[in-house]
2 protein chains.
Amino acid sequence: MESEELRNVGLKVTTPRLKILSLLENASEKHMTAETIYRQLGESGEVIGLATVYRALAQFEAAGLVTRHQFDGGQTVFELERGPHHDHIVCVRCGRVEEFYDKVIEERQRVIAAQLGFTLSDHALTLYGECNDPACRESKA
Amino acid sequence: MESEELRNVGLKVTTPRLKILSLLENASEKHMTAETIYRQLGESGEVIGLATVYRALAQFEAAGLVTRHQFDGGQTVFELERGPHHDHIVCVRCGRVEEFYDKVIEERQRVIAAQLGFTLSDHALTLYGECNDPACRESKA
DNA sequence: TTGCACATGAGAATTATTCTCATGTAGGAT
DNA sequence: ATCCTACATGAGAATAATTCTCATGTGCAA
């Protein structure tokens with residue numbers, strides 16, 4: 001139940017928060033902007049202030065329930081933090097996002113940080129390229 | 001000479017462009033925001049419109065003379081593209097930026113992209129952590 | 001059931017960046 | 001050297017994304 005998730009991280013259980021969480025869990029797109037969340041909620045009859053959406057997302061992020069990404073050029077997207085850590089590859093033509101996890105890269109990062117005298121706390125890795133989806137190929141021509 | 005760099009990439013040689021390039025080459029900070037560049041030019045008597053700074057930076061980026069970075073939370077910074085490719089590690093406490101290059105990571109990225117059916121065109125990797133600079137340590141306490 | 005700390009909505013405010021448009025200028029052609 | 005034209009510039013307006021303000025509403029512990 002979503003109420004549990006909220007309680008577990010010390011947030012009051014409110015309607016807006018529940019709706020936002022549940023939208024993130026059920027949406028077809030895994031990566032959504034605050035605007036999109038706001039609009040989709042509105043369309044399904046759940047009118048929630050845009051400021052509230054931003055506030056809730058910020059709190060969810062602080063609580064570790066969601067992560068925030070800034071892909072090149074695009075606007076900030078939020079993603080439900082489910083399952084293990086992963087990084088992203090984004091198609092520069094159609095915007096499709098795939099996820100991946102690479103143990104080698106993760107380990108190298110730790111080594112590099114240590115070598116430079118840093119205690120690693122986080123990282124952001126995004127690859128950009130053109131995907132081989134036929135539909136995407138055409139969209140260029 | 002900076003005029004050469006501009007001509008080589010097909011940009012007219014103008015005073016604002018020369019001043020911005022030369023500031024980037026001589027500044028103590030390697031990573032600068034558009035605002036900072038604008039302000040520093042102003043302070044040294046070279047008053048250049050902020051819009052012009054943004055325009056020039058965008059052109060320099062398109063021409064491959066500078067790269068643009070979006071470190072977490074901070075605003076966009078620009079860096080003169082000199083020497084070989086590198087990634088960054090940023091101190092989350094004092095904001096210090098160090099550069100690094102890791103062949104293993106670079107190679108893994110290419111492999112991963114290929115596996116996922118992407119033709120890699122670019123990537124953004126930034127590590128975040130706490131640095132061990134004594135001055136930084138104190139700033140927390 | 002009540003009180004109060006915290007949450008919400010609406011719109012104003014802020015911040016970063018881009019656009020508009022009237023005017024200026026680099027640099028190729030003459 | 002001079003002229004012409006396409007491109008560049010400055011100033012401020014416009015836009016976009018996000019955060020803030022503040023009056024009002026509500027979860028939930030006592």
Side-chain angles (χ1 to χ4, degrees), chain A residues 1-23 31-63 65-78, chain B residues 1-23 31-43 45-63 65-78 95:
Chain A
M1 186 61 56
E2 285 108 20
S3 342
E4 283 310 312
E5 300 192 54
L6 291 174
R7 264 188 221 101
N8 290 340
V9 298
L11 289 174
K12 276 188 188 172
V13 178
T14 68
T15 310
R17 285 173 187 164
L18 285 172
K19 297 298 176 192
I20 294 168
L21 251 193
S22 126
L23 176 64
H31 304 88
M32 309 180 75
T33 67
E35 271 290 327
T36 304
I37 292 169
Y38 168 72
R39 189 156 20 76
Q40 291 199 8
L41 286 172
E43 282 165 8
S44 61
E46 305 290 349
V47 178
I48 287 170
L50 181 55
T52 300
V53 173
Y54 273 105
R55 273 185 298 234
L57 289 170
Q59 293 161 330
F60 293 173
E61 187 195 16
L65 293 179
V66 309
T67 41
R68 174 193 301 259
H69 306 292
Q70 275 278 169
F71 299 139
D72 268 12
Q75 76 192 79
T76 305
V77 293
F78 297 85
Chain B
M1 186 59 58
E2 286 110 20
S3 343
E4 283 310 313
E5 301 191 53
L6 291 174
R7 264 188 221 98
N8 290 341
V9 298
L11 290 174
K12 276 188 186 172
V13 178
T14 67
T15 310
R17 285 172 186 165
L18 285 173
K19 297 299 178 192
I20 293 168
L21 251 194
S22 125
L23 175 64
H31 304 89
M32 308 180 75
T33 67
E35 271 290 329
T36 305
I37 293 169
Y38 168 72
R39 188 156 20 79
Q40 291 198 10
L41 286 171
E43 282 166 9
E46 304 291 350
V47 178
I48 287 170
L50 181 56
T52 300
V53 173
Y54 273 105
R55 272 185 299 236
L57 288 170
Q59 293 161 331
F60 293 173
E61 186 194 16
L65 293 179
V66 309
T67 41
R68 174 194 301 258
H69 306 291
Q70 276 277 166
F71 299 138
D72 268 12
Q75 78 192 78
T76 305
V77 294
F78 297 85

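Numbers restart at 1 for each chain; the letters A, B, ... are given by sequence-line order, proteins then strands.
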Find out whether B:Leu6 and B:Phe60 are in side-chain contact, i.e. whether some heavy atom of one side chain is under 4.5 Å from a heavy atom of the other.
->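 Result yes, sub-4.5 Å side-chain heavy-atom pair found.
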
Are side-chain heavy atoms of B:Arg17 and B:Ile20 found at a separation under 4.5 Å?
->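 No - every pair of side-chain heavy atoms lies 4.5 Å or more apart.
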
Rounding to a whole Å, what distance do you find between [X]:[atom1] and [N]:[atom2]?
| X | N | atom1 | atom2 | answer |
| --- | --- | --- | --- | --- |
| A:Ile48 | C:dA10 | CD1 | P | 11 Å |
| A:Arg68 | D:dT19 | CZ | C1' | 11 Å |
| A:Glu46 | C:dT8 | CD | C1' | 15 Å |
| A:Leu18 | C:dT8 | CG | C1' | 14 Å |
| A:Gln75 | C:dT15 | CD | C1' | 15 Å |
| A:Leu41 | C:dG9 | CG | P | 10 Å |
| A:Glu61 | D:dT19 | CD | C1' | 15 Å |
| A:Tyr38 | D:dA16 | OH | P | 16 Å |

Mind checking A:Thr76 for me? I need base, sugar-phosphate or nothing, with any heavy atom below 4.0 Å counting as a touch.
->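 Here A:Thr76 touches the backbone only, sparing every base.
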
Of B:Val53, B:Val47, B:Leu41, the residue whose pairing with B:Lys19 passes side-chain contact (heavy atoms from CB on, under 4.5 Å) |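 Single side-chain contact (heavy atoms from CB on, under 4.5 Å) partner of B:Lys19 among B:Val53, B:Val47, B:Leu41: B:Leu41.
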
Could you write out each protein N or O paired with an N or O of nucleotides 28-30 of chain D at a distance under 3.5 Å?
from: D:dC28; atom 1: OP1; to: A:Val13; atom 2: N; distance (Å): 3.1

Take B:Gln70 and A:Val53, find for each the nucleotide of DNA chain C with the closest heavy atom, and name the residue whose nucleotide sits nearer the 5' end.
->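 Whichever sits nearer the 5' end wins; that is A:Val53.
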
Would one find a side-chain N or O of A:Gln59 under 4.0 angstrom from OP1 or OP2 of C:dC6?
->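 No, no such contact exists.
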
C:dT17 phosphate, OP1 or OP2, under 4.0 Å from B:Tyr54 side-chain N/O |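 For C:dT17, OP1/OP2 do have a side-chain N/O of B:Tyr54 under 4.0 Å.
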
Working to the nearest 0.5 Å, report the span between [atom1] of [X] and [atom2] of [Y].
| X | Y | atom1 | atom2 | value |
| --- | --- | --- | --- | --- |
| A:Phe78 | A:Leu65 | CZ | CG | 13.0 Å |
| A:Glu5 | A:Leu18 | CD | CG | 9.5 Å |
| A:Gln75 | A:Gln70 | CD | CD | 9.0 Å |

Could you tell me whether the side chain of A:Arg17 has a donor or acceptor atom within less than 3.5 Å of a complementary atom in the base of D:dG27?
->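 Absent.
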
Assign each of A:Glu35 and A:Arg55 to its nearest nucleotide of DNA chain D by heavy atoms, then name whichever residue's nucleotide is nearer the 5' end.
->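 The 5'-side residue here is A:Glu35.
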
Considering all heavy atoms, the nearest B:Phe71-B:Val77 contact |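 Where B:Phe71 meets B:Val77 most closely, the heavy atoms are CE1-CG2, 3.9 Å.
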
Nearest-nucleotide pick for A:Thr52, side chain only, options being D:dA11, C:dG9, D:dT9 =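 Selected nucleotide: C:dG9.
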
